[in-house]
Structures are given as structure tokens and as C-alpha cells.
Amino acid sequence: MARRYLVTSALPYANGPLHLGHLAGAYLPADVYVRFLRMRGEDVVFVCGTDEHGVAITIAAEREGKTPRELVDVYHSVIRKDFEDFGVSFDNFSRTTLPHHYDFAQKVFLALLDKGHISEKSIQQLYCGRCQRFLPDRYIDGTCPKCGSTSARGDQCEDCGSWLDALELVDARCSICGSAPEPRGTRHWFLKLDSFQDWISGFLETREGWRENVLNYCRGWLAEGLRERAITRDLDWGVPVPLEGAEGKVLYVWFENLLGYVSSTVEHFEKLGKPEAWKDYWKDPETRLVHFIGKDNIVFHAINFPIMLHALEDFALTWNVPANEFLNFGGQKQSTSRRTAIWMRDCILNLPADPFRYALTIGAPENRDTDFTWSEFRARNNELADVLGNFVNRTMKFAHRSFRGLVPAAGEPGAEESGLMETIRDIAASVGGKIAGFQIKAACSEAMEAARLCNRYFDRVSPWETVRSDPARCAVSLNTCLQAVDWLRQLFGPFLPFTAERIGRMLGRQRLDWSEIGSPMLQDGAGLGKPEILFEKLEEGFEAQLRTVEAEATSGGGPAAGKAPSQAATEDSGNTVAFEEFRKMDIRVALIEEVHRVEGADKLYRMVIDLGRLGRRQIVAGLRPYYRPEDLEGMKAAVITNLEPATIRGVRSEGMILASDGDTGVYLLEAGPEARPGDLVR
RNA sequence: GGCGGCGUAGCUCAGUUGGUUAGAGCAGCGGAAUCAUAAUCCGCGGGUCGGGGGUUCGAAUCCCUCCGCCGCUACCA
């Protein structure tokens with residue numbers, strides 16, 4: 001019977017774009033896990049959304065001259081698009097600024113208040129008159145009362161490491177505007193975490209299969225003892241505290257955003273027209289609630305949230321928190337401010353998603369921080385091409401050449417065949433067990449091991465020899481290889497969804513069912529699609545050619561995406577164009593595959609072009625007066641691929657084909673016969 | 001300062017409750033094969049498991065200590 005799973009990935013904070021560390025830590029492993037569960041027929045809901053409140057958003061917005069709303073709108077869509085492009089298959093991707101999230105968060109606040117888990121207190125905090133806001137501790141600079149260092153912040157002194165109370169700081173300054181804040185009294189509501197100390201300790205004891213590092217972090221916290229924690233803030237950007245006389249106060253983001261997992265689920269089922277169905281998941285004690293996060297969020301997900309759920313009394317409790325460590329890049333921590341992050345957007349702009357998914361999964365920081373480099377990426381990409389891609393390719397080509405593109409008869413399997421089948425079944429069981437146990441990277445390596453075995457099988461049975469000496473054997477071998485391609489498709493389904501889909505097109509079979517791996521499902525005589533190269537190999541030094549969406553996004557100490565690229569840095573006033581400007585244009589060799597007339601337009605063609613590893617796309621061009629469709633098909637022309645898409649006569653065009661245009665006519669700029677689709681034009 | 005973690009073959013990483021000759025992938029060397037994206041397959045790794053000390057019949061795996069790197073320390077999310 002299917003089990004219910006609620007799987008969440010950390011809500012990304014909507015003040016900047018996401019980098020590969022985020023992807024590797026909280027989103028990719030979750031997606032692999034979820035896709036696997038779906039293949040096993042489990043009942044899974046996978047939710048996420050952007051976390052859009054908090055003082056950091058308001059400050060980032062001010063710095064960019066935007067309203068908080070405008071800022072989060074930009075990053076919500078940027079982040080949503082990143083996830084789409086990388087194949088992170090959320091059932092729902094919400095945002096914490098939606099009305100039903102407000103409703104739900106406020107209801108939870110009132111429920112906890114009603115149950116006596118929230119207290120109200122008056123405290124003193126520093127208030128900046130010029131900024132007109134209470135200052136979070138980290139936004140206060142000053143002199144350390146203990147060591148006299150002038151680089152202390154409201155929470156801690158950088159130099160002597162003492163833990164400070166902001167009110168003790170000598171000569172305190174607002175780090176935003178530099179003026180001197182003053183203490184001011186205010187009222188706040190506190191969640192009584194301390195009264196759950198024993199409960200949470202006991203709860204964590206009963207958890208099975210948690211990672212050591214996660215439990216370790218928790219032990220550290222619990223040893224210090226839990227304290228009451230303020231869950232409200234004086235701010236105008238957030239979920240209002242739903243009480244009389246609480247104007248100007250909002251729920252603290254770390255109280256409210258965790259509830260976004262629930263409200264995202266609510267939204268999901270509302271979209272499906274089943275507004276009450278979220279309760280089947282969140283209120284069923286048997287539900288397996290799994291949070292994928294980075295290690296910086298452990299305390300909130302392994303301590304605070306379970307306490308909140310427990311305090312609400314009728315919610316499912318946390319089942320596991322597979323937190324990952326950090327993915328460094330070239331030995332350095334990925335950091336927005338230090339410009340050492342590799343943005344997801346920049347990656348997907350240049351290369352397909354699956355090689356990243358593979359490289360990041362194999363190198364995932366499951367037990368400790370790991371290091372990612374372009375050279376490592378290249379090695380992993382090429383491994384994919386050489387081992388998996390090559391097996392699929394050699395099998396498909398052989399089937400086309402020697403069996404007219406049909407699945408040859410299965411015949412009588414011999415020892416080699418049943419051996420392979422059995423081994424693949426064992427591997428599937430093992431890979432599945434590892435994914436279920438959150439050992440995603442080990443699972444991924446093992447899947448690749450299966451591809452190696454398939455290559456070995458191919459070599460052992462040598463169909464290129466038996467095709468002459470023993471055609472019946474050859475048929476058996478090729479049938480087995482094709483079945484193996486199908487097994488690999490499913491085995492890699494959770495890891496490489498785009499590739500699995502492409503293999504599926506070649507086999508004419510898209511079904512994903514874990515239990516079928518190792519059983520022959522392709523019918524004798526079934527027709528096969530055209531073989532496609534699955535992965536383009538990368539040359540050494542390829543990274544020098546990578547383009548970035550905009551270098552500006554990481555500069556100036558603060559994220560500034562959403563700025564139109566055209567505004568960025570055209571310093572030349574004359575007619576020359578800076579090299580950097582030119583480099584932003586992505587011109588590539590495109591193989592024209594199909595040419596169709598556009599209805600109602602006498603000059604336009606709609607063309608499907610192949611850009612190699614960038615895939616296929618459609619462009620529209622006014623070439624009809626100059627070329628016949630049959631002349632264009634098969635040509636290799638230069639195309640600008642990153643021009644903003646346009647709709648021409650109702651047809652979408654994703655790129656612009658380059659041609660000379662003079663008195664003698666219009667001529668496409670053709671690449672030579674050796675050029676391959678996707679090659680860069682420079 | 002307190003707490004915690006990491007340091008394993010050239011590179012990136014695995015190493016379960018301490019137990020036979022410390023593993024994988026990549027890179028490198030040799031060979032086979034030639035269906036395949038010069039891909040594949042076979043063979044080849046003596047790395048003081050950061051240094052030192054200790055416990056033990058036996059430790060990469062436990063304890064102490066030193067060196068190097070890093071994280072967390074609750075009101076930025």
C-alpha cells in the first residue's frame with residue numbers, strides 16, 4: 001500500500017538568486033528522492049516556495065530602490081524558473097506573501113497562544129530614528145564593551161568573540177545609515193520553547209535513520225538548553241500579528257516561513273479543487289514528513305518546527321531531516337557577497353541540466369563539505385557521455401544498422417543474459433534502498449555502475465562478430481542491450497529526468513516504474529526512434545567560454561538581478577561596442593531540421609533547429625523569398641540563441657538566424673561541413 | 001571563549017557497531033577490441049589513513065595531545 005510522504009525543500013529566501021550550493025544541498029537530493037518515490041508508486045506531495053518576508057528583504061529592496069514587493073516578485077520568478085530548468089519537480093511552488101499563507105500562519109499563532117505556548121513581554125531594543133525601525137542585532141555596529149574593538153556587532157564581537165547584548169555596545173551605530181540608535185521599549189510575543197526541552201530531546205531519541213551530523217547539531221543546541229524565543233518583530237513587511245493593539249508588528253519569519261510548507265500544500269490541493277485534502281497529509285500521524293535543507297537550517301527544522309507541530313497537537317511530526325553540508329567551489333565557500341558563487345541561471349544558460357544534476361549528486365555534501373570545480377564537472381559530464389551515453393548510442397546505432405531499427409527477437413537468453421538481468425535487478429534494489437535511506441550520492445554511483453556493466457556485457461557478447469557468425473545470438477544480445485537501455489532509463493529516472501525522457505523517445509516508452517527495472521518490457525519487433533547523442537563532451541578549459549546572465553548580479557556587495565542587461569555597462573559612447581558586450585551574444589551553429597510556412601505570412605518560415613547540447617527550438621525568419629524549404633533543411637547556419645524571444649505573426653521565435661542582406665539577395669551564413677550543431681561562433 | 005566537525009592514493013570522495021592483504025571514480029601506465037561521441041573492455045595503485053602518544057590480541061575507526069582548515073554559538077533569512 002502506498003505510503004503518504006510530505007517532502008519539503010528549504011524555502012529559498014527571495015533576496016537573491018540561487019547557486020549550485022543551494023541546488024546540491026536542498027533541492028536536488030529532494031527531487032531525486034521524490035522522483036524515486038513516485039516511481040515506486042508512493043503517495044508523495046513535494047512542496048516548496050519562496051520565503052519573502054523579513055527585514056533583510058526590506059533592506060535589500062531599499063538598496064535597489066524597489067519596494068519589498070517588487071524585489072520579491074523578481075526573485076520569486078527567477079528562482080521558480082531556475083527550478084523548472086533544472087527539473088526540480090515540485091508539486092507546488094508557492095510564496096509566503098499569498099493570502100492563504102497569512103491566514104494559516106495567523107491561525108497557528110492564535111492556536112498556540114490559546115494553548116498557552118506563547119507569552120507576551122516588554123523589552124528594550126535599539127531603534128534607529130532615521131531609518132524608522134528597530135534594528136536587528138546584526139545591523140548594529142559599535143565598540144565592544146569587553147575588548148574595546150571597534151568592529152563589534154550587536155550580536156557578537158568579531159575580535160574577541162564575546163557574545164554581546166546590543167544594548168551593551170558602546171557608541172552603537174545603525175549599520176545601514178550610520179546614525180546612533182536609541183533604546184526604546186516594545187512588546188513582543190515569545191514561543192515557550194523551553195517548556196518543550198524534554199519533549200524534543202525524547203522525540204529525537206526515537207528518530208531512526210537520522211544522519212549523525214544532524215543529531216550532533218541538535219545535541220549541541222539541547223545541551224545549552226532551549227530558551228523562549230521572540231516570534232514577532234516590529235516591521236511592516238510580514239504577516240501581521242492578528243491581535244488587537246498589535247499594529248506595526250509582524251510574525252517573525254522563522255516562525256512563519258516554516259508554516260509555508262503547510263500553506264504551500266493547502267494551495268496545491270486548492271488548485272486541484274480539493275481544499276480539504278491537505279489535512280489527509282498534514283494531519284495523518286503516519287505521514288512521513290521529510291525536510292531537505294542545508295545544515296544552517298537544522299535547528300529550525302529539527303527542533304523548532306517539530307515543537308510547533310507537536311504543540312498544535314494534531315499534526316504529523318517530522319520523520320526525517322536529511323540536512324546536507326555545504327558545497328564549496330574551488331575550495332571557497334559559495335557566497336553572494338564574496339562573488340564566489342556559481343549561479344544556477346548561469347549554468348543552465350550554457351549547458352543542459354542533467355550533467356549538473358549528475359555532478360552535483362555524485363559530489364553531494366552529504367557528510368561533510370565538498371568541493372566543486374569546473375574540472376570536476378567536466379570529468380563527470382564526460383563520464384556520463386562515455387559510460388551511459390556511449391552504451392545507449394552504440395546499442396541504438398547497432399540496432400538501426402543491423403536490425404532496421406526494430407527490436408530484434410528476444411529468443412533464448414543464455415547465461416550472460418540472465419546474469420546481466422539478475423545483476424541489474426540487484427542493483428535496482430540496492431539503489432532504491434540507498435535513495436530511501438537518503439544515501440543519494442552512493443545510489444547515483446551505483447546506477448552508473450550498472451551502465452558500466454552494460455558496456456561490459458556488450459563487449460563480452462560482441463554483437464559485431466555474431467552479426468555474421470551467429471545472427472540469432474546477435475539478436476538475443478541486441479534485444480538484451482535494448483532492454484538494458486530501458487532499464488538504465490528508469491534507473492537514472494530520478495537522477496537524470498531529461499535524459500530519461502530522451503531515451504524514452506528513442507525507445508518509444510516513457511513509463512517510469514521502479515519495479516520494472518531488470519525485467520524485459522520492450523516487445524519483439526517494436527520500432528525504435530532515431531539515435532540521439534545524449535551528452536556532449538566538454539573540452540579542457542571549456543569554462544572560459546561560459547557566459548553569465550549578468551556580471552552585475554553579484555557585484556556591489558548586494559544582489560541586483562532584475563536589472564536589464566542592456567543597462568549594464570555600455571561605457572562606450574561612440575559606435576564601438578565593448579568586447580564584453582559582444583561576448584554576451586551567444587551565436588551558435590544550428591542545424592536546420594524542419595522548415596514550415598507560417599500561415600498568413602508570405603515571407604516567413606517557422607523552422608525547427610538543432611543546437612546540439614542546447615537542444616532544439618523554434619525560430620521564425622523571413623527567408624521565404626530567398627530559399628525553398630528543402631534547400632534550407634540540413635543547412636548549418638549561424639543563430640543568435642540568447643536574443644529575447646519574440647512572437648512574430650503569432651508564432652514564437654527563440655533566436656535569430658544570421659544572413660547577409662545586400663543587393664544580390666539574402667544568404668545564410670553557413671558553417672562548414674565539419675561544424676557541429678551547438679558549436680560557438682565567435 | 002564554549003560546543004562540534006574535518007584533514008584517507010596526483011585529484012574528487014567512500015569507509016558500517018575497532019578485526020583478514022585500506023576502497024571507488026577520474027587522471028597515469030600496459031594490453032585487447034573496433035559496434036560506439038578516440039568511446040569501450042581487461043590488467044596495473046605499496047597511500048606513515050595530518051603529526052605524536054595511549055588503550056587493545058588487533059585502530060583510519062576509541063582516548064589524550066599538537067598542527068592545519070572550517071562550522072555553530074538562537075532575534076539576517
Side-chain angles (χ1 to χ4, degrees), chain A residues 10-16 51-60 123 125 134-139 146 154-157 160-163 166 188 190 193 212-213 216-217 219-221 223-224 226-233 252-255 257 295-300 303-304 325-326 328 331 333 359 362-373 375-376 378-380 382-383 385-387 389-399 401-402 439 441-442 445-446 448-449 452 454-460 462-465 467 474 477-478 481 531 533-537 676:
Chain A
L11 304 187
Y13 197 53
N15 72 338
D51 178 11
E52 306 188 350
H53 294 308
V55 67
I57 295 271
T58 65
I59 291 172
I123 56 165
Q125 274 196 313
F134 283 94
L135 295 173
D137 288 351
R138 292 195 188 184
Y139 287 99
K146 303 201 168 125
D155 53 344
Q156 185 178 27
C157 171
C160 71
S162 328
W163 185 21
H188 280 299
F190 291 74
L193 290 173
E212 258 322 294
N213 52 354
N216 243 326
Y217 278 99
R219 288 189 193 113
W221 283 99
E224 277 186 43
L226 298 180
R227 287 181 261 157
E228 280 194 332
R229 185 150 191 209
I231 54 168
T232 57
R233 291 290 184 277
Y252 176 44
V253 282
W254 268 117
F255 175 80
N257 66 9
K295 64 177 164 184
D296 50 334
N297 284 347
I298 289 175
V299 61
F300 298 103
I303 295 181
N304 293 26
E325 308 268 325
F326 291 140
N328 295 326
K333 186 176 168 173
I362 289 285
E366 278 178 10
N367 300 311
R368 55 171 160 182
D369 293 358
T370 58
D371 198 33
F372 183 81
T373 59
S375 143
E376 174 72 10
R378 181 177 144 257
R380 292 305 181 180
N382 291 357
E383 180 182 353
D386 294 346
V387 180
N390 182 235
F391 176 70
V392 172
N393 188 243
R394 69 201 297 206
T395 297
M396 291 300 298
K397 283 207 168 155
F398 204 102
R401 180 169 330 103
S402 302
Q439 296 173 264
K441 70 193 286 187
S445 305
E446 206 170 335
M448 187 53 80
E449 187 54 33
R452 288 178 207 285
C454 292
N455 274 314
R456 187 172 307 157
Y457 170 81
F458 198 110
D459 282 0
R460 282 231 191 103
S462 312
W464 61 91
E465 284 174 7
V467 71
C474 183
S477 303
L478 250 292
C481 285
I533 295 296
L534 292 174
F535 308 100
E536 295 289 343
K537 297 194 68 168
R676 292 200 298 186

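Order of the sequence lines sets the chain letters (A, B, ...), proteins ahead of strands, with each chain counted from 1.
In this structure, A/S402 contributes its side chain and A/A399 its backbone to no donor-acceptor pair below 3.5 Å. Judged by distance alone, the side chain of A/Y217 and the main-chain N or O of A/N297 form no donor-acceptor pair under 3.5 Å. Between the A/Y457 side chain and the A/R452 main chain, no donor and acceptor come within less than 3.5 Å of each other. Between the side chain of A/H188 and the backbone N or O of A/T232 there is at least one donor-acceptor pair closer than 3.5 Å. Not a single donor-acceptor pair under 3.5 Å links the side chain of A/N393 to the backbone N or O of A/I533.
The side-chain ring of A/W464 is stacked on the base of B/C35, judged by centre separation under 5.5 angstrom and plane angle under 30 degrees.
Atoms CG (A/N304) and P (B/C75) sit 12 Å apart, rounded to a whole Å. Separating the CZ atom of A/R394 from the C1' atom of B/U34 is a distance of 9 Å, rounded to the nearest angstrom. One atom, CG of A/L534, and another, P of B/U37, lie 12 Å apart when rounded to the nearest Å. B/C75 atom P lies 7 Å from atom OH of A/Y252, rounded to whole Å. For the pair A/F326 CZ and B/G71 P, the computed distance is 9 Å after rounding to whole Å. Going from atom CD of A/E465 over to atom C1' of B/A33 covers 8 Å, rounded to whole Å. Rounded to whole Å, atom P of B/G71 lies 12 Å from atom CD of A/E325. Between the OH atom of A/Y457 and the P atom of B/A36 there is a distance of 18 Å, rounded to whole Å.
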Subject >> Dot-bracket pairing map - RNA chain B, Watson-Crick plus G-U, both contacts under 3.5 Å, | cross-strand >> reply: (((((((..((((.....[...)))).(((((.......))))).....(((((..]....))))))))))))....
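Taking CG of A/N304 as the reference point, atom CZ of A/F255 lies at 10.5 Å (rounded to 0.5 Å). Atom CZ of A/F190 is separated from atom OH of A/Y252 by 12.0 Å, given to the nearest 0.5 angstrom. The structure places CG of A/D371 at 14.5 Å from CZ of A/F326, a figure rounded to the nearest 0.5 Å. Atom CD of A/E465 is separated from atom OG of A/S477 by 11.0 Å, given to the nearest 0.5 angstrom. Atom CZ in A/R456 sits 12.5 Å away from atom CZ in A/F391 (nearest 0.5 Å).
For A/W221, taking side-chain heavy atoms from C-beta onward, the closest of the listed nucleotides B/C76, B/U37, B/U73 is B/U73. With distances taken from any side-chain atom of A/R456 to the nucleotides B/U37, B/C41, B/C72, the minimum falls on B/C41. Comparing atom distances between the A/R452 side chain and each of B/C41, B/C75, B/G71 picks out B/C41 as nearest. Checked against B/U37, B/A33, B/C75, the side chain of A/K397 finds its nearest nucleotide in B/U37. Closest contact between the side chain of A/N455 and the listed nucleotides B/U37, B/C75, B/U40 involves B/U40. Picking from B/C35, B/G71, B/A77 the nucleotide with the shortest atom distance to the side chain of A/R401 gives B/C35. In the set B/A77, B/U34, B/C35, B/C35 carries the atom at the smallest distance from any side-chain atom of A/F458. For A/R229, counting side-chain heavy atoms from C-beta on, the closest listed nucleotide (B/A33, B/U40, B/C75) is B/C75.
Where A/V299 and A/G54 meet RNA chain B, the nucleotide closest to each residue was compared, and A/V299 sits on the side nearer the 5' end. Each of A/V253 and A/L193 was assigned the nucleotide of RNA chain B with the nearest heavy atom; the assignment lying further toward the 5' end belongs to A/L193.
B/G46 and B/U8 are spaced 15 Å apart, taking the C1' atom of each and rounding to whole Å. Separation of the P atoms belonging to B/U21 and B/A27 is 31 Å when rounded to the nearest angstrom. Rounded to a whole angstrom, the distance from the P atom of B/U61 to that of B/C6 is 12 Å. Between the P atoms of B/G53 and B/U12, the separation comes to 28 Å (whole Å). B/A59 and B/G18 have their P atoms separated by 13 Å, with the value rounded to a whole Å. Between B/C44 and B/G25, the two P atoms lie 12 Å apart (nearest whole Å). Taking the P atom of each, B/A60 and B/U48 are spaced 13 Å apart, rounded to whole Å. Going from the C1' atom of B/U16 to that of B/U34 covers 43 Å, rounded to whole Å.
Heavy atoms of A/L226 sit under 4.0 angstrom from at least one base atom. Using a 4.0 Å heavy-atom distance criterion, A/F300 is classed as making no nucleic acid contact. Using a 4.0 Å heavy-atom distance criterion, A/N257 is classed as a sugar-phosphate-only contact. Residue-level contact check: A/I57 touches neither bases nor backbone, having no heavy atom under 4.0 Å from any strand. Among the atoms of the strands shown, none is found under 4.0 Å from any heavy atom of A/R219. Contacts of A/E449 with the nucleic acid, taken as non-hydrogen atoms under 4.0 Å apart, are absent.
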Atom pairs under 3.5 Å, N or O on each side, protein against nucleotides 30-32 of chain B: can you list them with distances?
none

Nucleotides 7-16 of chain B: which of its N/O atoms have a protein N/O under 3.5 Å away?
| unit_1 | atom_1 | unit_2 | atom_2 | d |
| --- | --- | --- | --- | --- |
| B/G7 | OP1 | A/R368 | NH1 | 2.8 |
| B/U8 | O4 | A/R368 | NH2 | 2.9 |
| B/C13 | OP1 | A/D371 | N | 2.2 |
| B/C13 | O3' | A/K441 | NZ | 3.3 |
| B/A14 | OP2 | A/R368 | NE | 2.6 |
| B/A14 | OP2 | A/R368 | NH2 | 2.3 |

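Between A/N455 and A/D386, the closest heavy-atom pair is ND2-O, 4.3 Å. When all heavy atoms are compared, the tightest approach of A/W464 to A/R394 is CZ3-NH2, 4.5 Å. The minimum heavy-atom distance between A/N382 and A/K537, with the atom names listed, is OD1-CA, 3.4 Å.
A salt bridge is defined here as a Lys NZ or Arg NE, NH1 or NH2 lying under 4.0 Å from an Asp or Glu carboxylate O, and A/R368 with A/E325 fails to meet this definition.
For B/G71, neither phosphate oxygen OP1 nor OP2 lies less than 4.0 angstrom from any side-chain nitrogen or oxygen of A/K295.
Looking at A/R380, A/E383, A/K441 one by one, the single match for side-chain contact (heavy atoms from CB on, under 4.5 Å) with A/I362 turns out to be A/R380.
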